[in-house]
Amino acid sequence: MSDDRVVIFDTTLRDGEQSPGASLSIAEKLEIAHQLAVLGVDIIEAGFPVSSPAQFEATRLVAERVSGPTIAALARASGGDIEAAGKAVAAAQKKRIHTFIATSPVHMEHKLKKSADEVLKMAVEAVKLAGQFVEDIEFSPEDACRSEMPFLIEILTAVIEAGATTLNIPDTVGYVLPYEYGRIIAQLKSDVPGIDRCVISTHCHNDLGMAVANSLAGVRNGARQVECTVNGLGERAGNAALEEVVMSIHTRPDFFSARSGQEPLRTNINTKEIFRTSQLVSQLTGFVIQPNKAIVGANAFAHEAGIHVDGILKERRTYEIMTPETIGLGGSRMVLGRHTGRHGFVDRCRQLGYKLSEQEIEHAYQRFVEIADKKKEVFDEDLAAIINEEIHVVEHVYELEYLHVASGTGTLPTASVKIRVQGETKLAAAFGDGPVDAAYEAIREATGLSPKLERYSIRAITGGKEALGEATVKIVGNGRTFVGRGISTDIIEASAKAYVDAVNRMAAARGMGEQASLKGEV
Ligand code: KIV
Ligand code: ZN
């Protein structure tokens, strides 16, 4: 591979999914993997197959069905893990096993209870075993940045001899600062014999908010693979955010080049797919993007201060270092409304890059008409929310037919609902701490289900008093997490829809036949 290309290794489905509360179903993982392929990532780390049957199955299906990127599976340095990883990725056109073992004194002594010699032997054996399944082998010395440099050099030298092709240097606990991380990469590049035959990779966590800066410092010092996640999802404070790494390299070609005076570094990412991918991951995980998040936050391209707006109108470059179009945000900001016909609606969907089936178009259009009736202007962001809502439907075991909520100062918030359950209408009324709580209590009463509400959030999709509100809830039932979403110009209705959507997902996961036994279990 040429020296000016930075390989993007996406670990949203593995490290990202390890975020507390970010659990995804197999179908959702597949959907994200397909979008990652459209985005143009080079490698998708699809899972940690030995850790559970669902992880194995998700990895196997991604390997079987997603073409384009290399499909990687994670494995500890042990026979069982590597065999499971090898089997899970077997069907992929391009496959990789990513094996790791901790190398820092604190991990080796307290977690592994092994000497450095034992760790080195296990690493070499793991890489050799991985070679029986794949040619493309990545090795990670976990907690590399708190490991002793001589041992790091020794173990990396040994795994190269054993057949490793990518050497990943994780800052597992997000401890180092950019200058230090860059220096570690530079020293390994100069002191590990045979490293020129391998790709050096970065894997930085964000505990001190340095994940992206550290990854880029690694790139400046010779790393040519960056491990990252969409929206920076990941354990604790997350991993390096893919969109920030990619757009930094894209926006600063003057800073990122293989050698001075040479071609700038580049990635294979189709930056126009960044926004859509970010929205999809946020919707399916239920992790709402903070408005001021770099690149993909709602305010990332918004200008409000008078001086800034004036500058932008005179010349965009005054306050904009990249354009919203580059990440796939509709540049023309075309507005649809109640007079937009089906043809205009379908046309705009196509322009925004959605490839919908006839049935999906039909559902989405019906929903669009309902919303356009209440809201004069329907923006691209609204359209994206409508389409996502209609595409990600599961079978509606429970349908919200009617909702009435009364609340106000000095009034006990009360709600009454009608829910259709397999042809039968159930009525319920309840009160709560607030209107949303009352609505949820009434829904619980009507469905006979009471999953724990773990998270609730509401956001305005676009600005203005007629903005469409999107509610996201996360519920826990039977030890599993389900995310539900609802959109409406009325935020209480959006909240109720989100809750019913999550309950439907829970029901779908159990299968229709098990509905009776679901009652009372959650
Ligand atoms: O953070 C880490 O060290 C990891 C390894 C498994 C690569 O995720
Ligand atoms: Zn990690």
Side-chain angles (χ1 to χ4, degrees), residues 7-20 22 41 43-52 55 59 70-78 80-82 84-85 88-89 96-108 110-112 119 122-123 126-127 130 136-147 151-152 155-156 159 164-176 180-181 184-185 188 198-215 218 223 225-242 245:
V7 169
I8 297 297
F9 176 115
D10 181 276
T11 183
T12 307
L13 299 179
R14 200 279 297 170
D15 220 343
E17 213 238 1
Q18 281 174 223
S19 300
V41 308
I43 297 149
I44 296 175
E45 187 164 53
F48 185 9
V50 85
S51 66
S52 74
Q55 283 271 340
T59 312
T70 296
I71 309 301
L74 186 70
R76 285 167 300 190
S78 84
D81 280 43
I82 288 167
V89 295
R96 171 179 294 190
I97 291 179
H98 174 193
T99 185
F100 72 100
I101 190 162
T103 49
S104 64
V106 62
H107 275 237
M108 290 194 291
H110 298 286
K111 186 180 81 174
L112 299 177
V119 166
M122 285 171 77
V127 169
D136 185 346
I137 305 163
E138 173 168 331
F139 174 74
S140 288
E142 190 192 7
D143 203 14
C145 296
R146 293 190 300 167
S147 303
F151 183 52
L152 214 47
I155 199 165
L156 292 178
V159 295
T165 46
T166 295
L167 303 177
N168 184 39
I169 310 302
D171 181 16
T172 304
V173 289
Y175 178 69
V176 293
E180 292 171 290
Y181 192 77
I184 291 171
I185 299 293
L188 293 174
C198 300
V199 174
I200 305 176
S201 167
T202 68
H203 180 110
C204 300
H205 279 268
N206 205 30
D207 299 66
L208 292 174
M210 299 291 160
V212 170
N214 283 348
S215 306
Q225 173 178 290
V226 175
E227 300 200 350
C228 46
T229 57
V230 175
N231 300 337
L233 212 63
E235 291 229 54
R236 309 183 307 277
N239 290 60
L242 179 149
V245 170

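Start at 1 with the first residue, then count along the sequence. Each ligand, and each atom within it, is numbered from 1 in the order the structure gives.
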Any nitrogen or oxygen of His205, main chain or side chain, under 3.5 Å from a nitrogen or oxygen of ligand 1?
-> yes
Ligand-residue contact atoms, ligand 1 with Glu142, heavy atoms, under 4.0 Å | 3 (O)
So Tyr181 and Thr202, side chain to side chain contact (heavy atoms under 4.5 Å, CB included) or not? Walk me through it.
-> CA-CA 9 Å; Tyr181 192 77; Thr202 68; 3.4 Å; yes
What's the shortest distance from atom 3 (O) of ligand 1 to any protein heavy atom, and which residue and atom give it?
-> Thr172 OG1, 2.6 Å
The Zn ion (ligand 2) reached by Asp15 (N, O or S, under 2.8 Å) | yes
When you measure from the side chain of Gln55 to the backbone N and O of Phe48, does any donor-acceptor pair fall under 3.5 Å?
-> yes
Mode of Asp15 contact toward ligand 1 - side chain, backbone, both, neither (heavy atoms, under 4.0 Å) = side chain
Lys/Arg-Asp/Glu bridge criterion (N-O < 4.0 Å) met for Glu142, Lys111 = yes
Within-shell test, Arg14 vs ligand 1, heavy atom, strictly < 4.0 Å | yes
Counting from 1 in the order shown, the ligand 1 atoms closer than 4.0 Å to a non-hydrogen atom of His98 are 7 (C)
With the Zn ion (ligand 2) at the centre, find the angle made by NE2 from His203 and NE2 from His205, to 10°.
-> 100°
Backbone N or O of Thr229 within a donor-acceptor pair of the Thr11 side chain at under 3.5 Å?
-> no
Among protein heavy atoms, which lies nearest atom 4 (C) of ligand 1, and at what distance?
-> His203 NE2, 3.5 Å
Could a heavy atom of Glu235 be found less than 4.0 Å from some atom of ligand 1?
-> no
Counting only heavy atoms not in Tyr175, do more than 12 sit closer than 6.0 Å to its OH atom?
-> no
What are the two closest non-hydrogen atoms of Ala241 and Cys228, and how far apart are they?
-> C-CB, 4.3 Å
Ser201 and Glu227: CA distance, side-chain angles, deciding distance, side chain to side chain contact (heavy atoms under 4.5 Å, CB included) verdict | CA-CA 7 Å; Ser201 167; Glu227 300 200 350; 3.5 Å; yes
